[in-house]
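For reference, the structure discussed in these notes is given below.
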Protein chains: 2
Amino acid sequence: MAEPQTRTRIQKKNRTTILDAALDVFSQFGFRGSTLDQIAKAAGLSKPNLLYYFPSKEAIHVELLSCLMDTWLDPLRDLDPNGEPRAEILAYMRRKLEMSRNFPRESRLFANEILQGAPRIMDAIKGELKDLTDEKAAVIQGWMDAGKIAPSHPYHLLFSIWSLTQHYADFDVQVRAVLGNEGDDPFPAAEQYLETLFSKLLAV
Amino acid sequence: MAEPQTRTRIQKKNRTTILDAALDVFSQFGFRGSTLDQIAKAAGLSKPNLLYYFPSKEAIHVELLSCLMDTWLDPLRDLDPNGEPRAEILAYMRRKLEMSRNFPRESRLFANEILQGAPRIMDAIKGELKDLTDEKAAVIQGWMDAGKIAPSHPYHLLFSIWSLTQHYADFDVQVRAVLGNEGDDPFPAAEQYLETLFSKLLAV
DNA sequence: GTCTATAAGACGATAGAC
DNA sequence: GTCTATCGTCTTATAGAC
């Protein structure tokens, strides 16, 4: 009963610490390739202490994935059907690229899960993700039909935005190794290139 | 001494069977997430028998990766500096997309290795891959300088071909889930879309 | 060459002291 | 809440029969 807020605050802090450490590990090695020992060491806690806050290794992973899905779709949700079509799509691309820059671990966690056949996230793929994609693809198709942007394939247009932007998070070590000077930030040039690419694609 | 060719033929056949099974498993779960039991079961052999043909789990993985690098760069090697610039780049994109269609497991094996920080392939990335990329980026830069194709970033142009084409192998289950009718082949529409995309990007 | 049996250690999870 | 100790299982690799 004494200081319940303090206990809660410590609990939340430890849960956050564990999830952050787990994101480090799971995003790199996937679910099967990650161990509680690695996560415990990264979190600076003992292994049994992890399992005091989460019932199992899988529960930690599931928690990360469901948190991820919530924010992962935000950039696409913000695509405004009433906005200026070309500007809306370019702004969506920029938001996705910004997510790759600011949340590369989340992008790699997602990539790892998809590569493994999406066993723990297929419901969300066929549900939330597909529903939102269907909705926004219809908006884009409407813009194409109205002659606001050049006609192409709405779904593959969205796929191309996903793959091009997530590439800079998922294949970060390759991008930096090929560009050399690995301390340099590849994102400014990437943004400029992608703006050119999509501007030309969408121009009527 | 009796029938050495037969023994060799059996050995080669078993090595091939093991490598094919290992490709199935490693491409899905990565190195750390895969087990010899899975590979043995997929190959229809016993676990000790695997280790009769390869000294260790890591040796199987390394063998797969070095075989992969040999063929992975072929499409880019075939980019002809003396060809017609726009046609050469489009043909390269088509060759890469064809590799994603015909060798999706190899693409996912590569993606898994890069996601994990490329621990067993970084030398090849900084060596063969970077050298070839530098060489072909210079060719593309030359074409841009000569006004044969629209100016952009040669390296990011290559990155965009890699990410767009490999996406259809690496994120295959997502692509099919979002498109619905998962038996349908997404590659024809993908090829058409990517041809449009790069045609417009390169047009002077 | 292929198998069963097993060593030696890593792994997820639990028990119980503090 | 956090720890040490430990259980039972999984995993890589080896030993040795056939």
Side-chain angles (χ1 to χ4, degrees), chain A residues 1-65 112-113 116 119-120, chain B residues 1-65 112-113 116 119-120:
Chain A
M1 281 293 221
E3 303 180 352
Q5 290 185 339
T6 299
R7 286 217 302 277
T8 297
R9 219 179 301 134
I10 290 176
Q11 281 185 4
K12 284 190 177 178
K13 180 176 178 295
N14 275 344
R15 278 183 61 96
T16 303
T17 302
I18 292 169
L19 287 173
D20 188 71
L23 181 56
D24 268 344
V25 178
F26 281 136
S27 66
Q28 192 173 351
F29 300 106
F31 179 72
R32 297 258 329 251
S34 302
T35 71
L36 288 177
D37 273 314
Q38 289 178 289
I39 299 171
K41 188 180 177 184
L45 296 170
S46 69
K47 196 163 49 170
N49 208 4
L50 255 63
L51 296 169
Y52 171 79
Y53 288 98
F54 294 90
S56 69
K57 174 187 171 182
E58 181 154 18
I60 303 177
H61 194 246
V62 167
E63 175 75 9
L64 281 176
L65 284 179
N112 248 311
E113 182 67 9
Q116 296 183 17
R120 273 168 286 270
Chain B
M1 280 294 219
E3 302 179 351
Q5 288 185 341
T6 300
R7 286 216 303 276
T8 296
R9 216 179 302 133
I10 290 175
Q11 280 185 6
K12 283 189 176 177
K13 181 177 178 296
N14 275 343
R15 277 182 63 96
T16 303
T17 302
I18 292 169
L19 288 173
D20 188 71
L23 181 56
D24 267 345
V25 178
F26 281 137
S27 66
Q28 191 174 352
F29 300 107
F31 179 72
R32 298 261 326 254
S34 302
T35 71
L36 288 177
D37 272 316
Q38 291 177 288
I39 299 171
K41 188 180 176 184
L45 295 170
S46 71
K47 198 162 44 169
N49 209 2
L50 257 62
L51 296 168
Y52 170 79
Y53 288 98
F54 294 91
S56 69
K57 173 185 170 182
E58 180 155 19
I60 303 177
H61 194 246
V62 168
E63 175 73 10
L64 280 176
L65 285 180
N112 247 310
E113 181 67 10
Q116 297 184 17
R120 272 168 287 271

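Heavy-atom basis, side chains included; hydrogens, waters and symmetry copies ignored. Chain letters run A, B, ... following the sequence lines, proteins first, then strands; residues in each count from 1.
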TODO: With the side chain counted from C-beta on, respond yes when B:F29 and B:T35 share a heavy-atom pair under 4.5 Å apart, and no when they do not.
DONE: no

TODO: Among D:dT2, C:dT2, C:dA13, find the nucleotide with the atom closest to the side chain of A:Y53.
DONE: D:dT2

Task: Under 4.0 angstrom between B:S46 side-chain N/O and C:dC3 OP1 or OP2 - done: yes

TODO: Run the numbers on B:D24 and B:Q28 for side-chain contact (heavy atoms from CB on, under 4.5 Å), then give the verdict.
DONE: CA-CA 7 Å; B:D24 267 345; B:Q28 191 174 352; over 6 Å; no

Task: Value in whole Å for how far the P atom of D:dT4 lies from CG of A:L50 - done: 14 Å

- [ ] Kindly point out which of C:dC11, C:dA13, D:dT11 is positioned nearest to the side chain of A:S56?
- [x] C:dA13

- [ ] For the side chain of A:P48, starting at C-beta, report the closest nucleotide among D:dT11, C:dC11, D:dT4.
- [x] D:dT4

- [ ] Answer with base, sugar-phosphate or nothing: what part of the nucleic acid does B:L36 contact at a heavy-atom distance below 4.0 Å?
- [x] sugar-phosphate

Open item on the list: Applying a 4.0 Å non-hydrogen cut-off, can you work out what A:F54 is touching in the nucleic acid: base, sugar-phosphate, or nothing?
Closed with: nothing

Task: Separation of D:dC3 P from A:L51 CG (nearest whole Å) - done: 13 Å

TODO: Could you tell me the separation between the CG atom of B:L45 and the C1' atom of D:dT12, rounded to a whole number of Å?
DONE: 17 Å

Task: Pair listing, side chain to side chain donor-acceptor pair (under 3.5 Å) test, anchored in residues 48-57 of chain A, at least two apart - done: A:N14-A:Y53

Open item on the list: Quick check: closest heavy atoms across B:F26 and B:N112, and the distance to 0.1 Å?
Closed with: O-ND2, 3.7 Å

TODO: Check whether any side-chain N or O of A:Y52 sits under 4.0 Å from OP1 or OP2 of C:dT14, and answer yes or no.
DONE: no

Task: Distance in angstrom units between A:K41 NZ and C:dC11 C1', rounded - done: 16 Å

TODO: Please report, rounded to the nearest Å, how far the P atom of D:dG1 is from the NZ atom of A:K13.
DONE: 13 Å

Task: Atom pair distance, as rounded to whole Å: NZ in A:K57 and P in D:dC10 - done: 14 Å

Task: Nearest atoms (heavy-atom pairs only) where A:G33 meets B:R32 - done: O-NH2, 3.0 Å

Open item on the list: So, does A:N49 get its side chain near the phosphate of D:dC3, meaning an N or O under 4.0 Å from OP1 or OP2?
Closed with: yes

Task: Minimum-distance nucleotide (side-chain atoms of A:K47 versus D:dA13, C:dA13, C:dT2) - done: C:dA13

Task: Whole angstrom value for the distance that separates P of D:dT12 from CZ of A:R32 - done: 9 Å

Task: Candidates D:dT2, C:dG1, C:dG12 - which lies nearest the side chain of B:Q11 - done: C:dG1

TODO: Please report, rounded to the nearest Å, how far the C1' atom of D:dT6 is from the CG atom of A:D37.
DONE: 14 Å

